[in-house]
Amino acid sequence: MASVRKPVIVRKFSRDWHAGYAGAVFGQDAAELEILDLTGKVLRIGWEQVKWVCYVRDLPSPNQSGDQANPERLLHKRFSIRPRIAGLWLRMTLADGEELEGLAANDLSLIEGAGLLLTPPDTRSNTQRSMCPGGPIQSLEVVSLIGVSARRRAEAASRQQEPELFPPEPDAE
């Protein structure tokens, strides 16, 4: 059974961050983001303070001093080559001038959601997904629309044209 709360690291514009557990679905219809921190306290952070929310694999432990500056381990914020996953390749500039790239789903969540849910450039890092609220995004650029490759489309088309191996027998009367 899936967990109701997901491990997140919330980065604020003040460069502070908080680690904890957020609800699986949250939106900006609420006045603030609510997370359960590692000590068991409920933290409420106003959306105007949130730079991004990173869904992570592992939460940092308090005794790990190496993760204090970059607990998300979001080392690559731009793609070095064209991504291979289908979606919208987005490049955004946040209110503090920091640039971030990611892949977003090509669906209505881009315009109806509480923010942009992105797959980061380095999928092997601690960050699996990141969510940027709409407020701190200063500029947004669609770099490319990455669709299903021509090879996959050809394979799907050929599968549809293949004859059945065992056609149904006519009724014997």
Side-chain angles (χ1 to χ4, degrees), residues 1-79 83-140 142-143 146:
M1 187 156 113
S3 173
V4 175
R5 294 192 174 266
K6 303 292 181 187
V8 296
I9 295 176
V10 179
R11 175 71 68 174
K12 295 167 57 174
F13 280 106
S14 62
R15 303 299 297 161
D16 293 339
W17 57 271
H18 298 283
Y21 297 91
V25 177
F26 54 84
Q28 282 183 286
D29 54 342
E32 52 198 12
L33 171 65
E34 186 177 290
I35 64 169
L36 180 67
D37 75 354
L38 300 177
T39 61
K41 293 188 292 185
V42 175
L43 298 176
R44 291 181 175 83
I45 305 168
W47 282 110
E48 67 279 352
Q49 299 174 5
V50 175
K51 185 174 185 176
W52 61 58
V53 178
C54 291
Y55 291 91
V56 294
R57 288 184 175 91
D58 302 317
L59 290 172
S61 63
N63 57 4
Q64 288 179 335
S65 61
D67 283 345
Q68 295 303 314
N70 190 10
E72 307 98 330
R73 289 179 251 165
L74 200 59
L75 302 176
H76 302 286
K77 295 180 183 170
R78 298 184 78 145
F79 288 101
R84 296 182 182 185
I85 304 170
L88 280 175
W89 179 1
L90 301 176
R91 180 179 298 138
M92 67 182 86
T93 305
L94 301 176
D96 64 348
E98 189 163 1
E99 285 191 357
L100 181 67
E101 288 186 2
L103 282 174
N106 189 14
D107 59 12
L108 287 176
S109 67
L110 288 172
I111 56 174
E112 293 180 351
L116 292 175
L117 186 64
L118 302 172
T119 302
D122 187 8
T123 56
R124 294 169 290 175
S125 71
N126 190 34
T127 300
Q128 295 176 318
R129 300 256 191 270
S130 60
M131 196 283 279
C132 292
I137 299 174
Q138 190 173 33
S139 69
L140 179 67
V142 177
V143 178
I146 302 168

Problem - Donor-acceptor under 3.5 Å (Asn126 side chain, Asp58 main chain) - result: yes
Problem - Note, Leu88 side chain near Leu103 side chain (heavy atom, < 4.5 Å) - result: no
Practice task
Kindly give the heavy-atom pair with the smallest separation between Ile9 and Pro60, and that separation in Å.
Solution key: CD1-CD, 3.9 Å
Exercise for the section: Check salt bridge (Lys or Arg N to Asp or Glu O under 4.0 Å) between Arg44 and all other residues, then give those that pass, not counting sequence neighbours. Expected result: Glu32, Glu34
Handout entry: Which atom of Met131 lies closest to which atom of Leu117, heavy atoms considered
Key = CB-CD1, 4.1 Å
Handout entry: Side-chain heavy-atom pair Leu140, Leu116 within 4.5 angstrom cut-off
Key = yes
Exercise for the section: Test Arg11 against every option in Glu98, His18, Lys51, Gln49 by the side-chain contact (heavy atoms from CB on, under 4.5 Å) rule and name the one that passes. Expected result: Lys51
Problem - Nearest heavy-atom neighbours spanning Ala104 and Leu90 - result: CB-CD1, 3.7 Å
Practice task
Report yes if the side chains of Tyr21 and Leu38 come closer than 4.5 Å at any heavy-atom pair, otherwise no.
Solution key: yes
Problem - Donor-acceptor contact below 3.5 Å, side chain Arg91 vs main chain Ser139 - result: no
Fill in the blank from the handout: Residues Cys132 and Leu100: closest non-hydrogen pair is SG-CD2, 3.8 Å
Exercise for the section: Report yes if some heavy atom in the side chain of Phe79 is under 4.5 Å from a heavy atom in the side chain of Val143; otherwise report no. Expected result: no
Fill in the blank from the handout: Nearest heavy-atom contact between Ala22 and Ile35 is CB-CG2, 3.8 Å
Handout entry: Close side-chain approach of Leu118 and Met92, heavy atoms under 4.5 Å
Key = yes
Handout entry: Validation row: Trp17, Cys54 side chains within 4.5 angstrom (heavy atoms)
Key = no
Exercise for the section: Find out whether Lys77 and Glu99 are in side-chain contact, i.e. whether some heavy atom of one side chain is under 4.5 Å from a heavy atom of the other. Expected result: no
Practice task
Determine the minimum heavy-atom distance between Pro120 and Gln128, stating which atoms define it.
Solution key: CD-O, 3.2 Å
